[in-house]
There are 2 protein chains.
Amino acid sequence: MNEKNQLARPFALPVPTIRRYPVYLRCINEMIAAGETHISSAVVAERLGLDPVLARKDLAMAGVPGKPRRGYPAAELQAAITAALGWDDSTNAVLVGVGSLGNALLGYSGFKEQNLSIAAAFDASPRIVGRTMHGVRVHPMEDLPRLVKRLKTRLGIITVPNAAGQSCADRLVAAGIRGIWNFTSVRLAVPDGVIVQNVDLAQSLAVLSHAISGRH
Amino acid sequence: MNEKNQLARPFALPVPTIRRYPVYLRCINEMIAAGETHISSAVVAERLGLDPVLARKDLAMAGVPGKPRRGYPAAELQAAITAALGWDDSTNAVLVGVGSLGNALLGYSGFKEQNLSIAAAFDASPRIVGRTMHGVRVHPMEDLPRLVKRLKTRLGIITVPNAAGQSCADRLVAAGIRGIWNFTSVRLAVPDGVIVQNVDLAQSLAVLSHAISGRH
DNA sequence: TAAATATCGCTATTGACATACCGATATAAA
DNA sequence: TTTATATCGGTATGTCAATAGCGATATTTA
């Protein structure tokens with residue numbers, strides 16, 4: 001029973017756990033930088049303000065055996081979580097739609113931590129095509145299939161206006177993309193096997209404004 | 001039993017429902033623009049690709065009585081959802097941290113739909129203070145408490161580097177802010193009564209990269 | 001060497017949301 | 001006027017994640 005956990009994980013990680021992993025990872029990195037060799041789930045929980053039991057379960061799911069009274073081996077835990085997130089290998093992405101938001105993402109330096117690099121950008125406007133923004137060349141939409149295949153890109157980022165969202169998704173899927181990071185407000189229809197992750201600012205703002213409006 | 005629903009809602013709306021409301025609202029707006037006077041939950045569900053039962057329950061929670069075989073009265077449903085989201089009154093917000101992401105948000109035109117306007121921006125860098133970005137003046141951090149009080153702002157947007165996130169939150173809370181839209185990766189510690197909504201790109205990317213890395 | 005203790009790891013319970021089912025009713029057609 | 005039907009409204013069930021509790025074990029200390 002115990003060995004199975006270490007060798008192969010037959011069960012999938014819960015999505016909420018995966019969403020918390022980047023937070024843990026940042027905390028673990030800080031502790032390693034501070035010279036720690038072992039990570040205690042209780043310490044992590046306290047630093048992050050989380051329930052100790054939750055942190056313990058999340059860290060345990062990484063599959064690294066921990067030792068009582070010491071915690072988890074820091075380097076191994078860090079490597080396991082990084083691998084679970086798919087951040088150990090560098091990932092090439094393409095970005096479609098170089099408006100203000102797309103431009104901001106091109107200039108965002110935080111993606112280095114996730115080994116993510118935006119290899120190419122695309123836009124429909126001839127006024128932007130050909131320019132280089134934050135070191136990334138902007139190509140015409142016609143070049144998308146060819147470049148996606150050449151760069152072996154599996155991840156596409158959509159930062160176009162809502163009206164163009166679905167057609168962009170279709171082009172990316174046709175080009176062989178496996179995951180879409182969707183910054184538009186439209187629900188994208190994609191075939192099975194293609195993962196869509198939505199970053200809808202309106203949804204996020206909804207919870208906030210509902211709460212501070214004070215009517216409930 | 002039925003009357004209670006219309007007058008006062010003793011139960012809170014589920015957060016997932018609130019998060020879906022902007023999507024419904026956009027769909028309803030489109031249908032009204034197309035001349036519809038009644039909104040059927042089944043039609044909405046099909047247009048959005050959602051489970052019909054889920055859409056029916058969500059729309060029912062708005063508190064507007066619907067009629068069998070017709071659906072919900074379009075204008076009333078639109079008004080009720082808009083009110084539930086707190087988007088009927090215009091909201092003033094302040095933005096802290098005019099980097100690439102902050103700048104993108106200042107230039108984002110989509111907030112009109114939510115009656116949200118960014119009234120002032122703040123930054124610590126003297127190179128940016130005093131400039132006007134997308135029609136919004138950038139003030140020094142020292143002016144934050146005074147301006148927040150004068151503008152009666154309840155919502156603060158944090159787009160600073162991670163290291164400065166907590167201190168910004170503290171300043172906003174001290175100035176009387178009630179809700180924080182947090183675009184940094186740090187978990188903000190705030191007193192009870194202050195709502196924080198996180199837009200952590202790393203968390204969102206985590207689910208994507210885990211899925212397309214293919215190890216599960 | 002032996003006892004005390006902190007931490008891991010497993011199992012059970014709780015709670016919330018999504019889903020399924022069924023009755024009630026207003027509209028439309030015959 | 002009567003029947004058929006589509007949609008709303010409420011109740012019940014299932015599923016998944018968060019929480020709680022408890023036993024196992026390695027380290028520390030006396």
Side-chain angles (χ1 to χ4, degrees), chain A residues 1-7 9-21 23-24 28 31 36-74 76-77 80-81 203 207 216, chain B residues 1-6 9-21 23-24 28 31 36-74 76-77 80-81 203 206-207 216:
Chain A
M1 277 238 186
N2 256 339
E3 296 83 351
K4 271 172 96 178
N5 257 0
Q6 300 173 34
L7 300 178
R9 242 172 293 122
F11 52 94
L13 285 83
V15 172
T17 298
I18 296 174
R19 292 184 68 87
R20 285 188 292 269
Y21 267 0
V23 184
Y24 293 124
I28 292 167
M31 291 174 72
E36 303 283 345
T37 60
H38 288 262
I39 307 288
S40 152
S41 67
V43 174
V44 170
E46 197 201 336
R47 288 178 68 140
L48 297 175
L50 296 173
D51 189 299
V53 184
L54 183 62
R56 193 162 76 228
K57 281 201 72 172
D58 282 338
L59 296 186
M61 295 205 80
V64 176
K67 285 181 183 176
R69 217 180 162 87
R70 296 297 295 275
Y72 297 91
E76 292 179 40
L77 185 63
I81 293 182
Q203 285 192 8
V207 182
H216 45 281
Chain B
M1 277 240 189
N2 258 338
E3 294 84 351
K4 271 173 92 176
N5 257 0
Q6 299 174 37
R9 241 171 294 122
F11 52 92
L13 286 83
V15 172
T17 297
I18 295 174
R19 292 184 67 87
R20 284 187 293 269
Y21 268 181
V23 183
Y24 293 124
I28 293 167
M31 292 174 72
E36 302 283 345
T37 61
H38 288 262
I39 307 289
S40 152
S41 67
V43 174
V44 170
E46 198 202 335
R47 286 178 68 137
L48 297 175
L50 296 173
D51 189 300
V53 185
L54 181 63
R56 193 162 75 228
K57 283 202 72 172
D58 282 337
L59 296 186
M61 295 205 81
V64 176
K67 286 180 183 177
R69 216 177 162 91
R70 296 298 295 275
Y72 298 91
E76 292 180 41
L77 184 63
I81 293 182
Q203 285 191 7
V207 181
H216 45 279

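Heavy-atom basis, side chains included; hydrogens, waters and symmetry copies ignored.
- Under the 3.5 Å distance criterion, with hydrogens and angles disregarded, no donor-acceptor pair is assigned to the side chains of D58(B) and Y21(B).
- Nearer the 5' end of DNA chain C, as judged by each residue's closest nucleotide, is the contact made by R69(A), out of S41(A) and R69(A).
- When side chains are defined from C-beta on, T17(A) counts as touching P14(A), because their heavy atoms get closer than 4.5 Å.
- Rounded to an integer number of Å, the gap from D51(A) CG to dA18(D) P is 10 Å.
- Atom C1' of nucleotide dG9(D) and atom CG of D58(B) are separated by 14 Å, given to the nearest angstrom.
- An OP1 or OP2 oxygen of dA17(D) is reached within less than 4.0 angstrom by no side-chain nitrogen or oxygen of R20(A).
- Picking from dA20(D), dC22(D), dA6(D) the nucleotide with the shortest atom distance to the side chain of R56(A) gives dC22(D).
- Taking the side chain of P68(A) as heavy atoms from C-beta on, and the options dG9(D), dT19(D), dT7(C), the nearest nucleotide is dT7(C).
- Side-chain contact check for T37(A) versus P73(A): every heavy-atom pair is 4.5 Å or farther apart.
- Other residues, nucleotides and ligands contribute more than 12 heavy atoms inside 6.0 Å of the CD atom of E36(B).
- Separating the CG atom of L77(A) from the C1' atom of dC8(C) is a distance of 13 Å, rounded to the nearest angstrom.
- The NZ-C1' distance, from K57(B) to dT7(D), rounds to 16 Å in whole Å.
- Atom NZ in K67(B) sits roughly 11 Å away from atom P in dA28(C) (whole-Å rounding).
- The CD1 atom of I18(A) sits 15 Å away from the P atom of dC16(D) (whole-angstrom rounding).
- If you measure from atom CG of L54(A) to atom C1' of dC16(D), you get 14 Å, rounded to the nearest angstrom.
- Of the candidate nucleotides dC17(C), dG9(D), dG9(C), dC17(C) has the atom nearest to the side chain of P16(B).
- Look at CZ on R70(A): it is 15 Å from P on dG9(C), rounded to the nearest Å.
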